[in-house]
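Both ligands and their constituent atoms are indexed starting at 1 by order of listing. In this chain, residues are counted from 1 in sequence order. Predicted, not measured: the structure shown is a model, and the values here were computed from it. Note that these values count all heavy atoms, side chains included, but never hydrogens, waters or copies made by symmetry.
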Amino acid sequence: MRYVIIGTSAAGLTAAETVRQFDRQGELILISDEALRPYSRPMLTYLLGREAGLENIWLRPPSHFHKLNFKAMLGEPVAQVDPQAREVYLSGGRVVKYDRLLIASGAQPRMLGIPGETLAGVFTLRRLADWQKLEADLPAGATMAIVGAGPIGLKAAEALRRRGHRVILVEAEPRPLPRLLDDTAAKLLQEHLHGLGAELIVKARPAAISGHQGRVRSLALADGRELEVEGVLLAVGVRPRLEFLHGTPLAGNAPLTVNSFLQTQYPDIFAAGDCAEAPDLFSGKPVSYQIWPAAVAQGQVAGANMTGASRRYSGLLAQNSISLHGFKIVSGGILEPGPNLTEVWCRFDERQGVYRRLVFQEGCLVGVTLAGEVTDAGLYFQIMTQKLPVKDLPVDPRSPDFHPGKVWG
Ligand SMILES: Cc1cc2nc3c(=O)[nH]c(=O)nc-3n(C[C@H](O)[C@H](O)[C@H](O)COP(=O)(O)OP(=O)(O)OC[C@H]3O[C@@H](n4cnc5c(N)ncnc54)[C@H](O)[C@@H]3O)c2cc1C
């Protein structure tokens with residue numbers, strides 16, 4: 001059996017290791033356009049803030065691939081996949097045949113499509129090479145605009161403040177982390193952003209980046225304001241990397257929709273991680289969370305199923321945890337009230353700066369936001385994942401008495 005995996009990050013690496021648990025003999029080929037052994041993308045903002053060094057980012061020791069008998073084709077972009085011929089074409093001209101293929105090609109930063117995005121001083125942060133570019137091109141003390149106050153924009157803001165940059169966050173929505181927080185939690189976060197010394201402009205859309213002698217000089221907003229900046233970091237989300245499916249029946253389906261065995265419409269082609277859309281824990285509908293734990297969980301299931309096991313992916317809770325300048329936020333599950341939601345419960349302790357927001361649906365806890373105090377987050381997530389009815393819990397999650405000892409004895 002020949003297994004081929006495109007991508008050597010969270011999903012691809014986990015899948016390869018899982019294949020080896022089931023099949024010690026099969027040929028296992030890992031392909032990546034990055035000429036690097038697997039590393040942690042979440043560590044990139046810590047590298048940027050100089051809180052971590054390169055030695056902290058590697059996921060496995062250099063001997064790992066050899067030890068598990070993986071054949072690695074690193075620094076080799078995939079140009080095309082042919083599902084009929086069961087072949088992968090590399091842009092260098094080589095052809096790799098497969099019996100089972102996993103597409104774990106992740107995602108790349110979304111661009112805004114505004115003038116000036118190719119100027120020197122415009123950055124994204126997804127790959128180690130992006131961090132290297134920032135290190136090489138970022139003038140010391142430069143004023144930076146960060147477009148997007150999502151998790152990566154905020155962590156990058158913290159990192160750049162640590163390096164002494166003036167930082168202006170530009171967010172299109174009325175609050176930071178707009179998809180994760182309501183107004184109360186966002187207000188708390190804004191106070192901490194202020195403490196960090198980062199400026200935040202909300203309800204603002206970039207219109208153009210202007211330059212002088214090829215370098216960024218300002219960022220113009222759609223409302224006419226012009227921010228004088230020397231660098232722009234775009235952190236406006238990602239889009240799946242599936243360009244090599246061009247011309248196949250899988251093209252145009254981005255992210256790639258998979259069934260609960262993580263198979264695409266071709267039973268011998270699997271997909272996992274940021275490039276895939278797998279059934280949600282609650283709704284069963286295809287969703288793409290684009291978070292590390294989801295990529296790992298899907299890599300485990302896909303890897304097992306590639307060898308012929310019959311593992312069902314049960315879905316994952318959407319979850320995010322962010323620590324910004326010592327202020328912690330955890331949110332997950334269903335956050336937006338829908339038609340079947342029976343209750344959204346909130347408690348705000350203004351003096352302590354602690355906020356809890358719980359969403360209940362049909363007698364079960366389905367969503368949680370914790371800000372300022374997150375120690376019991378794991379407990380809420382267990383209750384949600386196991387879909388435990390609130391009436392069967394020894395303590396109601398709304399009670400001030402709610403803590404692990406009371407719930408699990
Ligand atoms: C700065 C940053 C911070 C983050 N912080 C967090 C966090 O705190 N918590 C969290 O849960 N998630 C975080 N994430 C998101 C997390 O990193 C991703 O969800 C995760 O990396 C997805 O893993 P993946 O294996 O699906 O894809 P990726 O990590 O994107 O890897 C895809 C792989 O495919 C390869 N590839 C793609 N196209 C081709 C091609 N054509 N040919 C050959 N190879 C190809 C790539 O080189 C790469 O090896 C962060 C991401 C970033 C960028």
Residue, atom name and distance, where the atom is the protein heavy atom closest to atom 27 (O) of ligand 1: Gly106 CA, 3.2 Å

Ile152 contact mode with ligand 1 (heavy-atom cut-off under 4.0 Å): side chain

Any N or O of Ala11 closer than 3.5 Å to N or O of ligand 1: yes

cation_pi(Arg398, Phe360) dist<6.0 Å, angle<=45: yes

Region of Gln290 that comes within reach of ligand 1 [heavy atoms, distance under 4.0 Å]: backbone

Numbered atoms of ligand 1 (with element) below 4.0 Å of Gly273, judged on heavy atoms: 26 (O)

Shortest protein contact, atom 30 (O) of ligand 1 (heavy atom only): Arg126 NH2, 2.7 Å

For Arg127, atoms of ligand 1 separated by under 4.0 Å from a heavy atom: 46 (C), 47 (O)

Residue and atom name of the nearest protein heavy atom (relative to atom 31 (O) of ligand 1), distance in Å to one decimal: Ser9 CB, 3.1 Å

Phe348 and Tyr355 aromatic ring geometry - parallel, tilted or perpendicular at 30°/60° bounds: perpendicular

Within-cut-off N or O pair, Thr45 and ligand 1, under 3.5 Å: no

Protein heavy-atom partner closest to atom 13 (C) of ligand 1 - residue, atom, separation in Å: Pro42 CG, 3.7 Å

Geometric cation-pi criterion Arg37 and Trp58, 6.0 Å radius, 45° cone: yes

Basic-acidic side-chain contact under 4.0 Å: Arg60, Glu17: yes

Donor-acceptor contact below 3.5 Å, side chain Ser105 vs main chain Arg241: yes

Selected option - heavy-atom contact closest to atom 53 (C) of ligand 1, from Leu125, Leu245, Leu44: Leu125

Side-chain (Asp376) to main-chain (Leu379) donor-acceptor, under 3.5 angstrom: no

Ala104: numbered ligand 1 atoms lying under 4.0 Å from its heavy atoms: 32 (C), 33 (C), 34 (O)

Option from Val374, Leu180, Leu181, Leu370 for which side chain to side chain contact (heavy atoms under 4.5 Å, CB included) with Ile329 holds: Leu181

For ligand 1, the portion of Trp292 having any non-hydrogen atom under 4.0 Å away: both

Pro77 neighbourhood, listing ligand 1 atoms whose heavy-atom distance to it stays under 4.0 Å: 42 (N), 43 (C)

Val238 side chain near Gln290 side chain, heavy-atom distance below 4.5 Å: yes

Ligand 1 to Val78 polar contact by distance, N or O atoms, under 3.5 Å: yes

Side chain Asp349, main chain Val354, donor-acceptor under 3.5 Å: no

Lys155 heavy atom under 4.0 Å from ligand 1: no

Minimum-distance protein heavy atom relative to atom 43 (C) of ligand 1: Asp33 N, 3.2 Å

Polar contact flag for Ser321 and ligand 1 (N/O pairs, less than 3.5 Å): no

Gly12 N/O under 3.5 Å from ligand 1 N/O: no

Side chain, backbone, both or neither: Ala10 near ligand 1, heavy atoms under 4.0 Å: both

N/O donor-acceptor pair under 3.5 Å between Arg166 side chain and Met144 backbone: no

Numbering as shown, the atoms of ligand 1 that approach Ile291 to under 4.0 Å (heavy-atom distance): 11 (O), 12 (N), 19 (O)

CA sep, side-chain torsions, deciding dist, call: Leu112, Leu234, side-chain contact (heavy atoms from CB on, under 4.5 Å): CA-CA 8 Å; Leu112 290 169; Leu234 299 175; 3.6 Å; yes

Nearest non-hydrogen protein atom, atom 26 (O) of ligand 1: Asp274 N, 2.8 Å

Numbering as shown, the atoms of ligand 1 that approach Pro293 to under 4.0 Å (heavy-atom distance): 11 (O)

Winner among Gln80, Gln319, Arg241, Arg41 once heavy atoms are compared against atom 29 (O) of ligand 1: Arg41

Donor-acceptor under 3.5 Å (Glu158 side chain, Leu154 main chain): no

Side-chain donor or acceptor of His165 paired with backbone N/O of Ala142 under 3.5 Å: yes

Phe244: numbered ligand 1 atoms lying under 4.0 Å from its heavy atoms: 41 (N)

For Glu76, atoms of ligand 1 separated by under 4.0 Å from a heavy atom: 43 (C)

Location of contacts on Ala107 toward ligand 1, heavy atoms closer than 4.0 Å: backbone

Ionic contact status for Asp274 with Arg41, cut-off 4.0 Å: no

Donor-acceptor contact present, side-chain Gln361 to main-chain Gly363, <3.5 Å: no

Exam field: side chain Arg127 to backbone Gln108, donor-acceptor pair closer than 3.5 Å: no

